[in-house]
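Notes to accompany the following structure.
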There are 2 protein chains.
Amino acid sequence: MQYKTPYTPPTVTVDAVMFQLIDNALNVALIQRSTEPFKGEWALPGGYAPQGETTLQALERIVLHKAGVSILNDLSYIEQLYTFDSVARDPRGHAVAVTYMGCGQNIHPDQAKAVVTFFPVNNLPPMAYDHAEIVKYAHNRLIAKLTYTNAVYAFLPQYFTLAELQTAYEAVFGYELDKRNFRKKFLSLGLTEETDQMRREGAHRPARLHRFKSPDLEVLSRSFD
Amino acid sequence: MQYKTPYTPPTVTVDAVMFQLIDNALNVALIQRSTEPFKGEWALPGGYAPQGETTLQALERIVLHKAGVSILNDLSYIEQLYTFDSVARDPRGHAVAVTYMGCGQNIHPDQAKAVVTFFPVNNLPPMAYDHAEIVKYAHNRLIAKLTYTNAVYAFLPQYFTLAELQTAYEAVFGYELDKRNFRKKFLSLGLTEETDQMRREGAHRPARLHRFKSPDLEVLSRSFD
DNA sequence: AGGATATGGTGTATACTAAACACTATGCAG
DNA sequence: CTGCATAGTGTTTAGTATACACCATATCCT
């Protein structure tokens, strides 16, 4: 298609919403901006996506550089979230932000560059741009994902107890579940299997460790909760 | 963030997947490309999104120009679908495509520019780029939307029969529903109300017309089918 | 006028899923 | 050996989903 004026694309940026459980609470990774605009404020890690790289490739490079986290290696699950493009969202001018959401169970920032800080989703600091809105959107998507897929696996280590599993759901959903009903329903999905290992810790009965049969994302036939 | 080389954004394009029911079948609006690449092939209406316009504004302008359809006026529902950005998807070079999906019940292309053609989703022609994949993705999203929201309204006129309503669900889902169970379940959602109007057509008992109480998209508490 | 036709409209029985709810089991610490 | 802290387990009841068949009624035709 021809334009009278030469075609100028908008700025394209990428941002990552990275979730992790810390102390049984759902947390998000933020960085403190070192430059204007919003210098000193908290923001999602992200940056400019140039020609020739996919947005996911750009995000991997940028988040590794700015936050010391490899979204490909440190996250167990990642998906595109939404593309935010209101003209006013960036004070420097029109920017189209392609956002991604992911979850990990043990995000280890490279200590040399570890400027990333985790905040509980229900106790977030004021954030730059429209990033508070993006985090909220991501949280809603995450709740949906946990109800119709096996995505919880992304928060858990390979071997885990049923109590840990339930806690992961509760942290994401934001409310408590009944232990007996939870186990009955979850186990009936057949996603996991018992192992012969137990976890012994503290002055109480040890817990059996379970693991997922498949490491891949599956859509459930009967959705969960 | 600083780059050694000046920042060059990728090309940003927009595409629309517009659904409509025709003869009780789900159809998609396509146009025949008039220029290379893929000249003569069928494609989703779309084009370049420039700096300074939101992607939705750009889409409205482009689809009106190329297909004679106003997505804002002719569609009852529109939402962002996904952003496709594999580097290889456009033979001219890296393009990021922000796609939208919408539904209408009476899409009237401006006849002077009416180069848009509707194809049934289960009998699509070969399509340019990755557009076949995009349509499939949109169809899956649409099925999901109809199960957990009241989005069917977008396919129906203001006054409709329960048979038409059921047909809309069947056309999107791709399978038939039981009439009695359908009515029981749907009516229990309380989204619609009876009117005192009837539709008389053909040699049989007339059907009562219903209408939606609210014209807005709502997420259902108990999802449908 | 009355019968054929074509679609509109309705109910019940059964199976399954969801929700509420409390006690025993077991390893460790003291 | 007792206390403690978490692990682990079943039943009852209510609600939702599924399967399934017949009567109602306006029109058309003869």
[atom1] of [X] versus [atom2] of [N]: gap in Å, rounded?
X        : N      : atom1 : atom2 : result
B:Phe182 : C:dG9  : CZ    : C1'   : 14 Å
B:Leu177 : D:dC20 : CG    : C1'   : 15 Å
A:Met198 : D:dT6  : CE    : C1'   : 12 Å
B:Arg208 : D:dA26 : CZ    : C1'   : 15 Å
A:Gln166 : D:dG8  : CD    : C1'   : 12 Å
A:Arg199 : C:dC28 : CZ    : P     : 15 Å

Report each atom pair, protein N/O against N/O of nucleotides 5-7 of chain C, whose distance is under 3.5 angstrom.
{"from": "C:dT5", "atom 1": "O2", "to": "B:Ala203", "atom 2": "O", "distance (Å)": "3.1"}
{"from": "C:dA6", "atom 1": "N3", "to": "B:Ala203", "atom 2": "O", "distance (Å)": "3.4"}

Under 3.5 Å, is there a donor-acceptor pair linking the side chains of [X] and [Y]?
X        : Y        : value
B:Arg211 : B:Tyr159 : yes
A:Thr99  : A:Tyr137 : no
A:Thr117 : A:Gln32  : no
B:Asn24  : B:Thr167 : no
A:Thr147 : A:Asp225 : no

- Query: What parts of residues 168-176 of chain A reach DNA chain C, counting only heavy atoms under 4.0 Å away?
  - Reply: none
Could you check whether atom [atom1] of [X] has more than 12 heavy atoms from other residues, nucleotides or ligands sitting under 6.0 Å from it?
X        : atom1 : answer
A:Gln197 : CD    : yes
B:Asp23  : CG    : no
A:Asn106 : CG    : yes

So which protein N/O to nucleotides 9-17 of chain D N/O distances come out below 3.5 Å?
{"from": "D:dT11", "atom 1": "O4", "to": "A:Lys184", "atom 2": "NZ", "distance (Å)": "2.9"}

- Note on the structure: On a heavy-atom basis, the closest approach of B:Ala168 and B:Val152 is CB-CG1, 3.9 Å
- Closest non-hydrogen atom pair, B:Gly190 against B:Lys213: O-NZ, 3.0 Å
- Output all residues satisfying salt bridge (Lys or Arg N to Asp or Glu O under 4.0 Å) with A:Glu164, sequence neighbours left out; order by chain, then residue number.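 Checked A:Glu164 against salt bridge (Lys or Arg N to Asp or Glu O under 4.0 Å); matches are A:Arg199.
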- Could you tell me which residues satisfy salt bridge (Lys or Arg N to Asp or Glu O under 4.0 Å) with A:Arg33, sequence neighbours excluded, listed by chain and number?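 Result, salt bridge (Lys or Arg N to Asp or Glu O under 4.0 Å) vs A:Arg33: none returned.
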- Rounded (10°) bend between the five-pair end axes of the helix from C:dA1-D:dT30 to C:dG30-D:dC1: 0°
- Task: Taking the side chain as every heavy atom from C-beta outward, state whether A:Phe186 and A:Tyr169 have any atom pair closer than 4.5 Å.
- Result: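 Sidechains of A:Tyr169 and A:Phe186: in contact.
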